[in-house]
Structure formats: C-alpha cells, structure tokens
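Read the structure below first, then the notes.
Not measured: the values here are computed from a predicted model. Order of appearance sets the numbers: ligands from 1, and atoms from 1 within every ligand.
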Amino acid sequence: MKIIIGSDHGGFELKEIIREYILKKGLEVQDVGVFASESVDYPDYAKKVGEAVASGNGDFGIVVCGTGIGMSIAANKIPGIRCALCNDVYTAKMARGHNDANVLAIGGRVVGKGVALMIIDTFLNSSFEGGRHNTRLAKIRDIEGE
Ligand code: RB5
C-alpha cells in the first residue's frame, strides 16, 4: 500500500512523525512536502496529495495542517477525492466505512501524536461497507459532474 502525505507549516511536525510511522509499518510513503517549518499555503500541498491519489499514484493520502480544515476543503476540490477531516478515531472509522474516504485530513494543532497515529491505524484498517453507501457516493459523483 502506498500513502501520499503532505502538510503545511501547521502540520509539518506531525507529518514528519506520520512519515516515520508509516515507513515502520512497512508501507510505501511519498512525501510531497513541506520539508521545513517555513510558512506556506496549504492548498499547494493539498493539490499535490489529491492529484497523486486521484491519478492512482497512491492508495490513500494523508494531509495535515493546523486544524485539518483548510487541507480538507482544498483536497475536496479535486475530482475523485473524498477527503475526511478526522480528529478522532470514530470519524476515522466511519470515513472509510460509510464515505470511502481516500484522503485523511488531521489537525496537527488539534490532536497529539498518540491520537493521530491511532486515527491513521483506524483509517487504514477500516473498509468501505458498500451497499446503501454506494448510492450516496454515486450522488456525490453526480454533483462533481454538474
Ligand atoms: C496556518 O496558520 C493555518 O491556517 C493552517 O495550517 C490551517 O489550519 C488552515 O486550515
């Protein structure tokens, strides 16, 4: 499994921890930056991660900014991306089970390292439930196409 990760300065510290954690789990990781803690614009990094996932270059994406909000808004502008902002384990499970989210957004200034890594484990280990949720995802795709 290949995970594309990216952050702005608000998520930089947590993104570095996430990269090491994913590598330790034996998964492939592609880090699109930012590579230092200087101030940058989060849409630039949300776009890089979203485009990589939407084009099939990675299985899932993880984006981190201060709150996770800006990254999730920006990533969701890319067709085919279903980015879920999850700052707790329950929403991480539901994001995969009900929404088939392909990008996870986390707030680097909202959750600590321990919770963030539990969120990631939960997201990656949960599966889309299909069934009635397929109808709803099809309606999201319809909106995207309008
Ligand atoms: C940067 O200060 C901050 O606005 C950004 O990381 C993020 O929280 C935006 O949603």
Side-chain angles (χ1 to χ4, degrees), residues 1-25 27-129 133 136-146:
M1 187 186 287
K2 183 176 173 184
I3 316 291
I4 316 291
I5 63 171
S7 76
D8 72 350
H9 52 289
F12 173 65
E13 204 177 311
L14 181 58
K15 189 260 292 172
E16 296 296 290
I17 291 168
I18 290 171
R19 186 185 57 241
E20 295 316 306
Y21 185 64
I22 291 172
L23 285 171
K24 262 196 205 129
K25 284 167 75 75
L27 304 177
E28 196 182 341
V29 64
Q30 185 184 334
D31 186 349
V32 302
V34 62
F35 298 112
S37 56
E38 85 271 10
S39 183
V40 293
D41 300 328
Y42 58 80
D44 297 336
Y45 297 88
K47 186 169 187 273
K48 285 174 197 266
V49 172
E51 286 180 344
V53 173
S55 67
N57 233 334
D59 297 289
F60 293 107
I62 299 175
V63 289
V64 191
C65 62
T67 58
I69 297 171
M71 277 292 206
S72 59
I73 291 171
N76 276 317
K77 299 297 178 192
I78 295 163
I81 292 302
R82 291 177 301 280
C83 178
L85 170 56
C86 304
N87 284 325
D88 65 85
V89 167
Y90 176 75
T91 47
K93 186 172 170 58
M94 300 308 278
R96 290 288 306 122
H98 286 195
N99 311 110
D100 199 18
N102 50 13
V103 176
L104 167 67
I106 303 179
R109 295 173 180 159
V110 180
V111 297
K113 172 188 166 185
V115 173
L117 299 183
M118 282 179 76
I119 288 168
I120 289 168
D121 276 339
T122 303
F123 185 86
L124 296 179
N125 293 332
S126 301
S127 303
F128 180 50
E129 293 170 23
H133 303 296
R136 294 156 189 174
L137 294 192
K139 291 190 177 190
I140 292 174
R141 277 191 291 273
D142 286 348
I143 296 169
E144 232 170 29
E146 280 167 11

With a 4.0 Å cut-off on heavy atoms, is Met71 touching ligand 1? no
Above 12 or not: heavy atoms from other molecules or residues under 6.0 Å from CD of Glu13? no
Within this structure, what is the CG-OG1 distance for the pair Leu104 and Thr91, rounded to the nearest 0.5 Å? 8.5 Å
Are Asp59 and Lys2 close enough for a salt bridge, meaning some N to O gap below 4.0 Å? no
shortest atom 10 (O) of ligand 1-to-protein heavy-atom contact is with Gly70 N, 2.8 Å
If the cut-off is 4.0 Å to any non-hydrogen atom of Tyr42, which atoms of ligand 1 fall inside it? 9 (C)
Might you confirm whether atom NZ of Lys93 has over 12 heavy atoms from other residues, nucleotides or ligands at distances under 6.0 Å? no
Within the structure provided, determine whether Leu124 and Met1 are in side-chain contact (heavy-atom separation under 4.5 Å). yes
Atom 8 (O) of ligand 1 within contact range, any protein heavy atom under 4.0 Å: yes
Atoms in ligand 1 with a heavy atom of Gly66 nearer than 4.0 Å: 5 (C), 6 (O), 7 (C), 8 (O)
Would you mind listing which atoms of ligand 1 come within a distance below 4.0 Å of any non-hydrogen atom of His9? 1 (C), 2 (O)
Evaluate salt bridge (Lys or Arg N to Asp or Glu O under 4.0 Å) for Asp8 paired with Lys15, printing each intermediate quantity in order. CA-CA 9 Å; Asp8 72 350; Lys15 189 260 292 172; over 6 Å; no
For ligand 1, is any non-hydrogen atom under 4.0 Å from Asp8's backbone (N, CA, C, O), its side chain (CB onward), both, or neither? side chain
What's the shortest distance from atom 3 (C) of ligand 1 to any protein heavy atom, and which residue and atom give it? Arg109 NH1, 4.0 Å
